[in-house]
Protein chains: 2
Amino acid sequence: MAIPRPGKPVRGSQSGAPIMAAFDLLGRRWAMGIIWNLSSGPATFRGLQAACETISPSILNRRLKDLREARLVERTLDGYQLTESGSALFRHLHPLGDWAIGWARLVADEEE
Amino acid sequence: MAIPRPGKPVRGSQSGAPIMAAFDLLGRRWAMGIIWNLSSGPATFRGLQAACETISPSILNRRLKDLREARLVERTLDGYQLTESGSALFRHLHPLGDWAIGWARLVADEEE
DNA sequence: GTGCAACGCTACGATAAAAATAGCGCTCCG
DNA sequence: CGGAGCGCTATTTTTATCGTAGCGTTGCAC
């Protein structure tokens with residue numbers, strides 16, 4: 001599956017709105033989890049696989065290809081790591097960590 | 001598909017880390033797009049369908065069920081709208097709009 | 001009071017994405 | 001020369017999503 005190109009029709013926007021292209025890419029399974037796991041530094045293929053706990057190598061590989069093509073991840077001698085763009089993205093994703101904790105509490109309370 | 005429960009095993013975290021539960025939910029197709037479209041106010045089912053441009057009613061319905069169960073979206077007389085939690089989430093998602101514009105430029109430059 | 005249009009969905013078969021598992025070719029070390 | 005660990009690929013099965021048709025209901029205009 002080719003990565004969504006801003007400016008060309010993407011899921012959610014025929015006119016190719018960047019945010020919809022981003023959602024298309026980040027909405028692919030494991031994409032955000034991989035970025036989250038890479039935020040603490042470079043990781044090898046198997047290291048990432050272990051960090052993700054249950055990802056299969058085939059999908060990890062496919063997602064890494066997507067993220068590399070989208071210039072969010074790059075490969076170096078240390079393994080895979082976030083690009084500058086990927087790090088910038090992570091800085092925006094990071095606050096979700098705290099939000100998720102509050103959300104988890106709310107969901108837990110309501111399911112009683 | 002049941003929604004991921006923080007605290008129980010979820011994709012990416014056997015221990016149920018809230019952020020991974022959130023990524024599991026938000027990583028489902030259209031989930032973030034729906035939240036984005038709802039951020040400007042309540043919308044009806046068909047209104048949302050039109051805003052998303054190419055979503056099918058079956059998947060829109062399923063995703064709305066997910067998001068409602070996760071307490072991010074609720075149904076009112078005006079149609080579907082973000083809950084308080086959903087709005088808080090959107091405030092964190094909103095900056096991605098600007099980031100995506102910069103990212104789009106980068107991707108466009110590099111594919112020449 | 002009866003069309004007719006629009007709404008909120010549901011049903012269902014087709015297609016595409018993801019998961020699970022096995023294992024290949026390679027390098028590094030003892 | 002093993003043997004272990006690596007980065008990945010291949011293949012099959014399962015699951016998610018798509019696309020389309022259309023049902024039951026409501027709100028008008030007539």
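Proteins come first, then strands; the chains are lettered A, B, ... in the order of their sequence lines, and each starts at number 1.
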Chemist: Whether A/W30 contacts C/dA19 is assessed here as follows: a side-chain N or O lying under 4.0 Å from the phosphate OP1 or OP2. Is that the case?
Modeler: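 A/W30 to C/dA19 OP1/OP2: side-chain N or O found under 4.0 Å.
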
Chemist: Under the side-chain hydrogen bond (donor to acceptor under 3.5 Å, both in side chains) rule, what do A/T83 and A/S85 come out as? Steps first, then yes or no, please.
Modeler: CA-CA 5 Å; A/T83 61; A/S85 234; 4.9 Å; no

Chemist: Please report the distance, rounded to the nearest Å, between CE in B/M1 and P in C/dA19.
Modeler: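 Taking CE of B/M1 and P of C/dA19, I get 10 Å after rounding.
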
Chemist: Quick check: any donor-acceptor pair below 3.5 Å linking the side-chain of A/S58 to the base of C/dA20?
Modeler: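 Answer yes: a donor N or O sits under 3.5 Å from an acceptor.
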
Chemist: Starting at the 5' end of DNA chain D and moving along, which residue's nearest nucleotide shows up first, A/N61 or B/I59?
Modeler: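 That would be A/N61.
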
Chemist: Can you check the A/I55 CD1 to C/dT21 P distance for me, whole Å?
Modeler: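 Atom CD1 in A/I55 sits about 15 Å away from atom P in C/dT21.
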
Chemist: Give a yes/no on whether any side-chain N or O of B/R29 is located under 4.0 angstrom from OP1 or OP2 of C/dA16.
Modeler: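 It does not, given that no N or O in the side chain of B/R29 lies less than 4.0 Å from OP1 or OP2 of C/dA16.
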
Chemist: So where does chain A start and stop touching DNA chain D, 5' to 3', when the test is distance under 4.0 Å to a non-hydrogen atom?
Modeler: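 Taking any atom under 4.0 Å from a heavy atom of chain A, the span is D/dC6 to D/dC18.
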
Chemist: Which pairs, with at least one residue in residues 10-24 of chain A and sequence neighbours excluded, count as a salt bridge (Lys or Arg N to Asp or Glu O under 4.0 Å)?
Modeler: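 Pairs touching residues 10-24 of chain A that pass the test: A/R11-A/D24, A/D24-A/R28.
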
Chemist: How close or far is atom P of C/dC9 from atom CG of B/L48, stated in whole angstroms?
Modeler: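 These atoms are roughly 11 Å apart.
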
Chemist: What integer distance in Å separates A/F45:CZ from C/dC26:P?
Modeler: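 Between P of C/dC26 and CZ of A/F45: 18 Å.
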
Chemist: Kindly point out which of C/dA19, C/dC7, C/dT10 is positioned nearest to the side chain of B/R46?
Modeler: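 Of the candidates, C/dC7 comes closest.
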
Chemist: Please list residues of residues 65-77 of chain B whose heavy atoms come under 4.0 Å from any atom in DNA chain D, ordered by number; otherwise none.
Modeler: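 Here the set is empty: none.
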
Chemist: Where the side chain of A/E53 meets the backbone of B/Q14, is there a donor-acceptor pair that is under 3.5 Å apart?
Modeler: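 Indeed, once roles are kept as given, a pair shorter than 3.5 Å links the two residues.
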
Chemist: Within the distance-only criterion (no hydrogens, no angle test), does the side chain of A/W103 pair as donor or acceptor with the backbone N or O of B/A70 below 3.5 angstrom?
Modeler: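 Yes, A/W103 side chain to B/A70 backbone: donor-acceptor pair under 3.5 Å.
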
Chemist: Go through C/dC9, C/dC12, C/dT21 for me and flag the one nearest to the B/Y80 side chain.
Modeler: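 Ranking C/dC9, C/dC12, C/dT21 by closest atom to the B/Y80 side chain puts C/dC9 first.
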
Chemist: SG of B/C52 to CD1 of B/I59: how many Å apart, nearest 0.5 Å?
Modeler: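 So the gap between those two atoms works out to 11.0 Å.
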
Chemist: Would you kindly say whether A/S15 and A/S13 are connected by a side-chain donor-acceptor distance under 3.5 Å?
Modeler: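 Note: A/S15 and A/S13 side chains meet the donor-acceptor criterion.
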
Chemist: Under 4.0 Å from OP1 or OP2 of C/dA19: is there any side-chain N or O of B/R11 that close?
Modeler: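 Yes, B/R11 has a side-chain N/O under 4.0 Å of OP1/OP2 on C/dA19.
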
Chemist: For the backbone of A/P57 and the side chain of A/N61, can you confirm whether one donor and one acceptor N or O come within less than 3.5 Å of each other?
Modeler: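 Judged by distance alone, no pair lies under 3.5 Å.
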
Chemist: Honestly curious: do A/L106 and A/W99 fall in one hydrophobic cluster under the side-chain, below-4.5 Å linking rule?
Modeler: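 Different clusters.
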
Chemist: For atom CZ of A/R5, decide whether the heavy atoms of other residues, nucleotides or ligands shown that lie under 6.0 angstrom number more than 12.
Modeler: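 Yes, CZ of A/R5 has more than 12 neighbouring heavy atoms, counting only those of other groups under 6.0 Å.
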
